[in-house]
Amino acid sequence: QVQLVESGGGSVQAGGSLRLSCSASGRTFGSYVMGWFRQAPGKEREFVSAISFSTGITGYADSVKGRFTISRDNAKNTVYLQMNSLKPEDTAVYYCTAGATATTDYSGYDYWGQGTQVTVSP
């Protein structure tokens, strides 16, 4: 029933910025946590950030703190990830996710988007 659709990926040079969006359809997510994971070639899926739609409380991986900002629009069931000061090591497929509770483990989430490619060149 729930579908997550990401957009906003692309290719940028190091130091540049991108803004990812993820919209959920099928139901409202007022009580859900939504967030982002990423997966680089040959790497495991890695937690990036998450936000509670009910409280607005956010969490970030240490690797992106100070550079990435997550936000949400409750009315639109949409979560955003503003990525600044991008580094080549940020290159990955970024996946939007949603679940009932906040966790850094990807297995704890219920729904996933198709992924959007972010490529940061040196």
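This is a predicted model, so every value here is computed, not measured.
- Side chain of Q114 to backbone of V5: no donor-acceptor contact under 3.5 angstrom is found.
- At a threshold of 4.5 Å between non-hydrogen side-chain atoms, the residues L81 and V48 count as touching.
- One finds no salt bridge joining K87 and D90 here, because no Lys/Arg side-chain nitrogen approaches an Asp/Glu carboxylate oxygen to under 4.0 Å.
- Side-chain contact between F68 and N84: absent, with no pair of heavy atoms (C-beta onward) separated by less than 4.5 Å.
- In this structure, I70 and W36 have side chains that are in contact, with non-hydrogen atoms separated by less than 4.5 Å.
- The two residues G115 and V93 have their closest heavy-atom pair at CA-CG1, 3.8 Å.
- The CZ atom of R67 sits 7.0 Å away from atom OG of S85, with the distance rounded to the nearest 0.5 Å.
- When all heavy atoms are compared, the tightest approach of A98 to L4 is N-CD1, 3.8 Å.
- At a threshold of 4.5 Å between side-chain heavy atoms, the hydrophobic network of Ile, Leu, Val, Met, Phe, Trp and Tyr places V2 and I51 in one connected group.
- Counting heavy-atom neighbours within 6.0 Å of Q117 CD, excluding the residue itself, gives a total above 12.
- Using modelled atom types, one side-chain atom of T97 and one backbone atom of Y111 make a donor-acceptor pair closer than 3.5 Å.
- Judged purely by atom type and a 3.5 angstrom limit, R72 has no side-chain atom pairing as donor or acceptor with the backbone of V79.
- Here the OG atom belonging to S11 is positioned 11.0 Å from the CG atom belonging to L86, to the nearest 0.5 angstrom.
- Side-chain atoms of Y109 never come within 3.5 Å of backbone atoms of T104 as a donor-acceptor pair (strictly under, hydrogens ignored).
- Proximity of S17 to Q82: side-chain heavy atoms (C-beta onward) are separated by under 4.5 Å at one or more points.
- Taking all atoms of both residues into account, the shortest heavy-atom contact from T101 to V33 is C-CG2, 3.8 Å.
- Without hydrogens or angle criteria, Q39 side chain to E44 main chain gives no donor-acceptor distance under 3.5 Å.
- The side-chain heavy atoms of C96 and M34, taken from C-beta on, include a pair separated by under 4.5 Å.
- Residues A14 and P88 approach most closely at CB-CD, 4.1 Å, considering heavy atoms.
- For R38 and Y95, the positive end is not near the middle of the six-membered ring at less than 6.0 Å and at most 45° from its axis.
- A distance-only check finds a donor-acceptor pair linking the side chain of T116 to the backbone of G9 [under 3.5 Å].
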Please assess T69 against Y60 for the test side-chain contact (heavy atoms from CB on, under 4.5 Å), listing each intermediate value before the final yes or no. CA-CA 8 Å; T69 303; Y60 297 91; 3.8 Å; yes
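- The backbone N or O of D105 lies less than 3.5 Å from no partner atom in the side chain of S107, so there is not a single donor-acceptor pair.
- Judged purely by atom type and a 3.5 angstrom limit, T91 uses its side chain to pair as donor or acceptor with the backbone of V120.
- Looking at Y94 and M83, their side chains come closer than 4.5 Å, going by heavy atoms from C-beta outward.
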Could you go step by step and tell me if F37 and W112 meet the ring pair (Phe, Tyr, Trp, His ring centres under 6.0 Å) rule? CA-CA 10 Å; F37 284 72; W112 293 90; 5.3 Å; yes
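- The hydrophobic cluster containing L18 does not contain Y80, counting ILVMFWY residues as joined when their side-chain heavy atoms lie under 4.5 angstrom apart, directly or transitively.
- At least one donor-acceptor pair closer than 3.5 Å links the side chain of S49 to the backbone N or O of G59.
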